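In what follows, a structure is listed as C-alpha cells, so that the remarks can point back to it.
Since we're looking at a predicted model, the values are computed, not measured.
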Amino acid sequence: MCNEEEHAGHTMARRGLLVSGAAAALTLGTVSFASAAPRDGERRTEAVRGTLPPGSPDYVYLPVEVPRGVREIHVSYAYEKPAVPGGTQGNALDIGIFDERGTGLGGKGFRGWSGGARKEFFIRADEATPGYVPGPVRPGTWHIALGPYTVAPQGLPYEVTVTLTYGEPAPAPEAVHPPERAKGRGRAWYRGDCHIHSWYSDGRRTPAEIAALARAAGLDFINSSEHNTHSAHAHWAAEAGDDLLILLGEEVTTRNGHVVAIGTDPGTFVDWRYRARDNRFGRYAREIRRAGGLVVPAHPHATCIGCNWKFGFGEADAVEVWNGPYTPDDEVSLADWDSTLALAARNGGRWTPAMGSSDAHRDPDPVGTPQTVVLADDLTREAILDGIRAGRSYVAESKDVSLAFSAAGGRGRHAGIGERLRVDDGDPVTVRLEVEGAPGCTVRFVTDQGVLHSAALPASGTGTVEWRTTARYATYVRAEVRHAPVMPPMPGALAAFTNPVFLGG
C-alpha cells in the first residue's frame, strides 16, 4: 500500500497492512536513534520521507524507538500539495502520536492529535503543544500516526522529522479541572453551547477568549469539544465561575461522521479510528455514557468529507440538528429528525431529542449561535445532562429569543417541552407558544401530519400563538419560529425551535 521509505540515507522495508476489526492501518519501518550516550541537552534528529498512493488506509503508523534519558520529543512534518483538476480532492494529511503503551483501539497510548491544524508538536513532562498530553517521555516504541484524509491522484509525498532532546525532565504539574457545579437559579431554563473549538484542536481562540464570548452571548454553560483529543480538559478550570459551568468532552471525528461527547469525566479520551463497517461505534458510545456523558451526533447532513453521519441513531442520546448559522444542510437535518419523531410516535418507541450548537472555531464565528436552552433542576453537570437527555429543551439563535411552549387538556392536565400530555384521542388539546425577541418571524406548529398551523408574530417579535387539536389528529406537536423566507416557497431560516410535546395515552 505504501512506497518504501527513505530514512537517514538508507531504505526501510514496509511492514504491511494491518486489519484488526477497525479502520485499516499500515505500519512502516522503525525509526531508530544512535545508541552513543548523549550529553544533557543534546538533540538528535532523524527524517523519514515517502509517498502515500491513492487508496491508502485511514491510518499509517511510523514507529519511533525512544531510548532512555529523553526529556522531549518534537515532531514536524510537511507534504506536497500538487495541483489537481476541478472536482478532484487534493492532498490533506493529519498527524498525532501514541506512546510506548501502543496504538490499540481504546488503549492508554494516546498522547495527542492535531489533525491538519499544526505542522509540528512537542511533548515533555511539564508541557505539550495544544492538542497533545504532557507527561514523561518514557523509553519504548512510540508511533507517529499519519492520517491521509484525502490523497491526490499523483500520490501524497511527505516528510516527517523527529527530534529527541535528552536530559532530566521537569516536574509534571497536577491537572486541575473545572467544578461540576455553578451558581444556578434552581429549577430554571439555562442556555448553553456544547460544540466549540479552541486552539487545543483546530480552533484559533484560547479558552479565556471563548469563555468571554460565552458570557457575552448570555450562556450559562459550555462544553469543551476538541477534535479527537481530551488535552484541553486541564486548561478550562480558570475560566469557570459562578456564572459559567464548563463541561468536558470531545468531538469524536471519524471518517463516517462526527459525534460530540458532552459532559464526560475529566481526562476521558474516546477513540475515533473506525468506520461504520467496523461495528465499533456502539462500544465507544457506551464508553461515553460510562464516563457520565451524552452521545450526540453532530451536523449529520454536513457536506464536508467524512462529516455525513453513517452510524445510525440507535446509540444517540440527542442529535445536533442545528449547527452554526442556519444553512440548507440544517434544514435537511431538521426534516430527517422530524421523520424519526413521527416513527417513534406511531410505534411508541424511544425518541431522540434535538439540540443546536455553534461549532465555532475562530473569528468571526459567533459563540452561542445557536444555543440550546435547557430546563434543569440546577446549573450542575448532572442536571444539565438530565435535561438534554429528556428533551426538556429548545434551540434559539441567540440570547434575545425566548420561548415558552406547552399543551393543556381537560381536568387541568398540562405538559411542557419533552413531556407527554396524557389525554384520550378525542379530547380537546390547546397548544400554546409564547415568544419574545423574534421580530418579523412566523410561528409554525409541526406534527406527525406536517405543518398544521402557522401565524405571524407582531412586529415587535413578542406574542402568543394558540392552536386547538386532539391526540387523534396530532400525536406530537413541536414549534418553530422562522424568519421571513428569502426565496419563497422555501421556509425562512430558523430563529428557534422546540423539542416536541407528545399527545395521547
Side-chain angles (χ1 to χ4, degrees), residues 72 74-76 94-97 110-135 170 172-180 182 191-253 258 260-264 266-269 298 323-325 357-371 381 398-399:
E72 179 183 292
H74 179 278
V75 178
S76 63
D94 295 340
I95 197 167
I97 196 167
F110 176 78
R111 292 297 294 270
W113 182 259
S114 50
R118 290 183 170 81
K119 297 307 178 192
E120 61 181 322
F121 63 85
F122 74 89
I123 295 174
R124 61 176 186 254
D126 61 324
E127 194 175 357
T129 299
Y132 293 80
V133 181
E174 183 177 352
V176 179
H177 300 107
E180 296 188 7
R191 294 175 179 264
D193 188 348
C194 291
H195 187 170
I196 308 174
H197 296 280
S198 77
W199 67 1
Y200 285 91
S201 60
D202 62 342
R204 293 292 180 268
R205 292 166 172 153
T206 65
E209 290 169 333
I210 291 171
L213 291 170
R215 289 179 165 99
L219 301 183
D220 301 294
F221 65 93
I222 59 175
N223 180 69
S224 172
S225 53
E226 310 298 353
H227 291 285
N228 295 345
T229 180
H230 61 295
S231 66
H233 287 192
H235 299 276
W236 277 106
E239 315 313 328
D242 285 348
D243 62 334
L244 187 64
L245 174 70
I246 298 178
L247 307 175
L248 303 177
E250 178 187 335
E251 184 175 5
V252 185
T253 307
H258 303 183
V260 178
I262 299 177
T264 54
T268 298
F269 165 66
N323 176 275
S357 298
S358 71
D359 200 0
H361 283 70
R362 59 187 65 83
D363 292 340
D365 297 352
V367 171
T369 299
Q371 50 194 246
R381 170 190 171 190
S398 74
K399 64 181 178 181

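The residues D363 and R205 are annotated as salt-bridged, a charged nitrogen and a carboxylate oxygen being separated by less than 4.0 angstrom.
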Q | Steps toward side chain to side chain contact (heavy atoms under 4.5 Å, CB included) verdict (F221, I246) | A | CA-CA 6 Å; F221 65 93; I246 298 178; over 6 Å; no

Q: Please report the C-alpha distance between L247 and E180 in whole Å, then the side-chain angles of each, then the deciding distance to 0.1 Å, and finally whether the side chain to side chain contact (heavy atoms under 4.5 Å, CB included) criterion is met.
A: CA-CA 7 Å; L247 307 175; E180 296 188 7; over 6 Å; no

Q.
Apply side chain to side chain contact (heavy atoms under 4.5 Å, CB included) to residues Y200 and H233 and explain how you reach the verdict.
A. CA-CA 10 Å; Y200 285 91; H233 287 192; over 6 Å; no

Q: Report the C-alpha separation of E120 and V75 in whole Å, then their side-chain angles, then the decisive distance to 0.1 Å, and conclude whether the side chain to side chain contact (heavy atoms under 4.5 Å, CB included) test is met.
A: CA-CA 5 Å; E120 61 181 322; V75 178; over 6 Å; no

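The line from OG of S201 to CG of N228 is 9.0 Å long, rounded to the nearest 0.5 Å. Atoms CD and OG1, from E250 and T264 in turn, are 7.5 Å apart once rounded to the nearest 0.5 Å. Of the inter-residue distances, the one linking F269 atom CZ with S231 atom OG reads 10.5 Å to the nearest 0.5 angstrom. Expressed to the nearest 0.5 Å, how far OG1 of T129 lies from NE2 of H74 amounts to 6.5 Å. Distance CG/L213 to CD1/I196: 9.0 Å, rounded to 0.5 Å. Between the CG atom of L219 and the CD1 atom of I210 there is a distance of 11.5 Å, given to the nearest 0.5 Å.
Checked by atom type and distance alone, the side chain of D220 pairs as donor or acceptor with a backbone atom of R191 at under 3.5 Å. For the pair S198 (side chain) and T206 (backbone), a donor-acceptor distance under 3.5 Å is absent. Counting only distance, with no hydrogens or angles, the side chain of R381 and the backbone of G263 share a donor-acceptor pair below 3.5 Å. The main-chain N or O of A175 is never found under 3.5 Å from a side-chain atom of H177 such that the two would form a donor-acceptor pair. Checked by atom type and distance alone, the side chain of D94 pairs as donor or acceptor with a backbone atom of G116 at under 3.5 Å. Without hydrogens or angle criteria, S358 side chain to V367 main chain gives no donor-acceptor distance under 3.5 Å. Judged by distance alone, the side chain of S224 and the main-chain N or O of A232 form no donor-acceptor pair under 3.5 Å. In this structure a side-chain-to-backbone donor-acceptor pair under 3.5 Å is present from K399 to A216.
By the 4.5 Å heavy-atom criterion applied to side chains, L244 and R215 are counted as neighbours. A 4.5 Å side-chain heavy-atom check between P134 and I123 finds every atom pair outside the cut-off. Within the 4.5 Å cutoff, no side-chain heavy atoms of N323 are placed close to those of S357.
Inspection of the S398 and Q371 side chains reveals no N or O donor paired with an N or O acceptor under 3.5 Å. In this structure, a donor-acceptor pair under 3.5 Å is present between the side chains of E251 and H197. For the residue pair N223/H195, the side-chain donor-acceptor check at 3.5 Å is not satisfied. Using a 3.5 Å distance cut-off with no hydrogens or angles, the side chains of T229 and W113 do not pair a donor with an acceptor.
Nearest approach of A170 to A125, heavy atoms of both residues: O-CB, 3.3 Å. Nearest heavy-atom pair, H361 versus D359, reported as atom, atom and distance to 0.1 Å: ND1-O, 2.9 Å. Nearest approach of R118 to W199, heavy atoms of both residues: NH2-O, 2.6 Å. A pairwise comparison of heavy atoms in P178 and A240 identifies CB-CB, 4.0 Å as the closest pair.
Using bins of under 30°, 30° to 60° and over 60° for the plane-to-plane angle, the ring pair H227/H258 lands in the perpendicular bin. Taking the six-membered ring for Trp and thresholds of 30 and 60 degrees, F121 and Y132 have nearly parallel ring planes, at less than 30 degrees apart.
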